[in-house]
Number of protein chains: 2
Amino acid sequence: MARETITLRRLAEVLGLSQTTVSRALNGFPEVNEATRARVIEAAQRLNYRPSASAASLATGKARTIGHVVTLGDHMMINPHFTDFVAGAGEVYARFGYEMLLRITGSEGEQDVYRDLISRRRVDGVVVHGPKTRDPRIPFLRKLGIPFVVHGRCEEDPASYSWIDVNNRRAFMRACNFLIDLGHRRIGLINGIETMNFADRRRQGYEAALAARGIDLDTSIMFSADMIEPHGYRAAAQMLSSRKPPTAVLVSSILPAIGVMRALAERELRPATDLSIIVFDDCLSFLQPGNEAVSGAIPFFTAMRSSMRLAGRRVAELLIEQIEGQHSAPKHELWEAELVIGHTTGPCAPAESQVPVRVKPFRRYS
Amino acid sequence: MARETITLRRLAEVLGLSQTTVSRALNGFPEVNEATRARVIEAAQRLNYRPSASAASLATGKARTIGHVVTLGDHMMINPHFTDFVAGAGEVYARFGYEMLLRITGSEGEQDVYRDLISRRRVDGVVVHGPKTRDPRIPFLRKLGIPFVVHGRCEEDPASYSWIDVNNRRAFMRACNFLIDLGHRRIGLINGIETMNFADRRRQGYEAALAARGIDLDTSIMFSADMIEPHGYRAAAQMLSSRKPPTAVLVSSILPAIGVMRALAERELRPATDLSIIVFDDCLSFLQPGNEAVSGAIPFFTAMRSSMRLAGRRVAELLIEQIEGQHSAPKHELWEAELVIGHTTGPCAPAESQVPVRVKPFRRYS
DNA sequence: CACCTCGTTCAAAGCGCTTTGGACATTATT
DNA sequence: AATAATGTCCAAAGCGCTTTGAACGAGGTG
């Protein structure tokens with residue numbers, strides 16, 4: 001098993017053919033006799049021949065590898081949603097014969113990481129994770145002239161590059177409207193860090209919905225921080241202990257939402273009856289397995305859903321298209337999140353609501 | 001910026017030197033005049049020269065890349081603990097100039113993935129994630145004669161390869177003893193999938209602790225499944241609805257523990273008072289940020305802790321040592337988890353306990 | 001002065017692929 | 001029958017590095 005690795009040259013010798021022919025036979029070129037091709041393939045399999053990746057990429061100039069640069073946040077952690085995304089992207093790479101290169105980096109020097117990856121010709125393209133509202137990486141990558149696709153997008157010139165994003169603004173607007181329809185007037189926001197474009201847009205949606213119904217903003221019930229459990233806990237604890245706690249809250253991820261639950265439990269309060277909670281959950285597979293939705297069971301959290309895994313798949317597909325295809329125009333996809341009703345939302349308790357409650361039957365928003 | 005990439009040859013031409021000298025100057029060989037070396041380095045920086053990774057690895061035979069093969073579990077998801085591990089490993093790779101290659105695969109054909117990675121010389125070594133109790137990957141990799149380090153270990157011949165593992169047996173034994181000391185006699189187990197070695201050992205620890213105190217096993221309060229929220233929820237729900245619910249429970253990960261909390265809340269029961277919970281949390285960064293422990297705040301869950309990130313770091317270090325160093329003997333590290341007391345454990349309610357309760361003061365186990 | 005040793009540099013030979021530009025039979029076309 | 005058009009195959013030139021073996025002065029020894 002540990003016998004010397006077999007090279008193209010050896011294989012050609014064994015077969016009594018030239019390297020050219022063997023190479024072409026294996027790579028499916030038409031100008032080789034089908035009989036010889038069969039012989040070659042058989043021998044390659046028998047001798048367990050695998051072309052050297054570095055030799056091939058040196059010769060072709062293609063690395064057949066895609067780079068993912070993930071930045072550690074304030075808490076030096078990788079966004080857990082990332083695993084789902086990567087799983088989706090991985091499927092696609094496997095299908096097309098690409099490798100996935102992962103670089104973990106602190107927030108400084110991200111650009112150097114990209115530059116390094118690219119100028120050493122380690123990757124044919126990169127995917128950009130977690131774009132900020134104004135993100136220097138994008139003009140930088142454009143200038144480098146390398147294929148890339150953004151998961152999310154930036155404020156500036158989004159038409160000039162490919163991206164896939166969820167309509168975060170709309171999702172939060174809708175969720176907020178849903179709460180208002182339930183009679184809530186005092187609605188808190190537990191958002192992610194608002195330099196991130198997605199969080200910024202979520203806030204916009206929240207603000208727009210309130211404004212449209214003539215509800216004033218109250219910054220004392222608006223929070224913004226890393227999307228982790230303790231943040232949700234602290235924010236909820238602070239709101240619930242205030243003289244005028246909200247009756248509902250919009251939470252940016254299921255992680256802080258779990259913290260909200262903890263704060264409620266501590267006070268012997270209950271979701272839906274004491275505090276309505278809507279969470280943007282991105283279908284975190286390890287908390288909310290997709291099959292639950294399929295099987296028809298009612299999920300616990302009322303949530304805006306959008307599959308991270310699907311996003312990973314689609315981003316990978318776009319990127320490969322861009323790498324392999326002729327220079328096509330940038331593509332964009334804006335996905336709508338689905339509002340799924342769970343057990344954490346309910347009508348505003350009459351005592352607290354300033355207007356008559358219009359209870360709507362639970363239903364599944366498109 | 002998008003000007004043609006500069007090669008070693010060009011750089012040598014510009015400098016009026018041979019490729020040999022330039023290469024050696026950049027790679028720190030001693031036989032080059034320090035004055036020339038300085039000139040070379042300056043020029044390289046000015047012209048933004050980066051050696052081609054594939055050319056270098058073709059010439060040296062080293063890929064300077066390490067492969068991680070992660071297998072999607074039953075729920076087609078990546079274990080979320082993985083992100084922390086990878087973050088740790090990534091730090092080390094960055095420090096030593098290695099890349100990280102990630103391959104996502106279904107459970108079939110894992111071996112082919114390794115074989116492919118290795119025989120195409122894409123990686124210099126691999127790390128094995130989530131070893132099963134008897135895992136065919138290990139003899140397979142040994143036969144291939146490639147450097148690898150296992151995160152966890154297998155039952156068979158663990159002395160023959162390098163690994164880093166947590167003493168899962170001991171951790172669960174200790175946690176179980178702690179509960180027994182609190183007066184609990186009926187202790188449930190919500191374990192991971194027991195074909196996984198770590199889950200198997202955890203169960204052993206649990207069983208050993210009970211046996212040592214003369215408590216009979218009751219398989220109706222022992223559960224084993226993927227470590228996700230719904231599993232914890234279902235297991236807890238089932239136990240709490242039974243005629244004779246446990247007064248304490250050992251949970252294999254913080255994810256199912258969240259499900260346990262949900263089951264409790266649903267029944268208006270409370271942790272510690274109605275059900276003691278100890279969780280093995282692996283310091284999931286997005287739920288239990290390390291700084292909480294450092295800052296002295298009492299964490300919510302009573303937990304057995306062991307840092308995934310540290311494990312990732314150490315595994316990477318061992319692997320690089322193995323790749324670069326002379327053939328040294330396999331190394332093993334067995335880490336002890338730390339038992340940290342939080343808010344989810346308390347004495348067994350007298351009515352339920354069969355023996356007088358011996359309350360111990362809360363303390364931090366080493 | 002011849003000889004040796006250093007310190008420094010270089011030409012050239014790979015590493016294992018892909019790809020260009022023929023070569024050489026066959027077969028089809030005139 | 002001569003020519004053109006295939007259908008198959010090959011030798012050789014790269015791709016951009018690393019590394020071997022040798023060259024060449026300068027300084028140190030006998």
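Letters A, B, ... are given to chains in the order of the sequence lines, protein chains preceding strands, and every chain is numbered from 1. All values below come from the heavy atoms of this structure, side chains included, with hydrogens, waters and symmetry mates left out. From a predicted model like this one, the values you see are computed outputs, not experimental measurements.
Aromatic ring centres of B:Tyr161 and B:His332: separated by at least 6.0 Å.
Between the side chain of A:Arg37 and the backbone N or O of A:Phe29, at least one donor-acceptor pair lies under 3.5 Å. A donor-acceptor pair is defined here as one N or O able to donate and one able to accept, closer than 3.5 Å; no such pair exists between the side chain of A:Trp163 and the backbone of A:Glu333. Distance alone, capped at 3.5 Å, is enough to place a donor-acceptor pair between the A:Arg64 side chain and the A:Gly97 backbone.
Note on A:Asp124 versus A:Lys62: no salt bridge recorded, every NZ/NE/NH1/NH2 to OD/OE distance being 4.0 Å or above. Ion pairing between A:Glu110 and A:Arg137 holds under the 4.0 Å rule for side-chain N and carboxylate O.
Taking atom CG of A:Asn27 as the reference point, atom P of C:dG16 lies 17 Å away to the nearest angstrom. The distance from atom CG of B:Leu26 to atom P of D:dC17 is 10 Å, rounded to the nearest whole Å. If you take CG of A:Leu11 and P of C:dT18, they are 12 Å apart, rounded to a whole angstrom. A straight line from CZ of B:Arg9 to P of C:dA12 spans 13 Å, rounded to a whole angstrom. Summarising the geometry, the separation between CZ on B:Phe29 and C1' on D:dT18 is reported as 8 Å, rounded to the nearest angstrom.
Every residue two or more places apart in sequence or in another chain that forms a side-chain contact (heavy atoms from CB on, under 4.5 Å) with A:Ala43 is listed here: A:Leu11, A:Leu15, A:Arg46. Residues that satisfy the side-chain contact (heavy atoms from CB on, under 4.5 Å) test with A:Ala94, not counting sequence neighbours, are absent from this structure.
When the side-chain nitrogen and oxygen atoms of B:Arg121 are compared with OP1 and OP2 of C:dC15, none of them lie within a distance under 4.0 Å. Between D:dT18 and B:Ser23, a contact under 4.0 Å exists linking OP1 or OP2 to a side-chain N or O.
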Inset, instruction - Any chance you could lay out the salt bridge (Lys or Arg N to Asp or Glu O under 4.0 Å) test for A:Arg103 and B:Glu99, step after step, and finish with the verdict? - result: CA-CA 7 Å; A:Arg103 276 278 265 260; B:Glu99 298 294 344; 2.4 Å; yes
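Residue pairs meeting the ring pair (Phe, Tyr, Trp, His ring centres under 6.0 Å) criterion with at least one partner in residues 86-124 of chain B, sequence neighbours excluded, are B:His68-B:Tyr93.
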Legend entry - B/S/- contact track for nucleotides 5-12 of chain D, protein heavy atom under 4.0 Å: ---BBBBB
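B:Arg95 CZ: more than 12 foreign heavy atoms inside a 6.0 Å radius.
Axis deviation across the helix from C:dC1-D:dG30 to C:dT29-D:dA2 amounts to 60°, comparing end segments of five pairs, rounded to 10 degrees.
Applying a 4.0 Å cut-off to non-hydrogen atoms, the residues of residues 57-65 of chain A that approach DNA chain D are A:Leu58, A:Ala59, listed by residue number.
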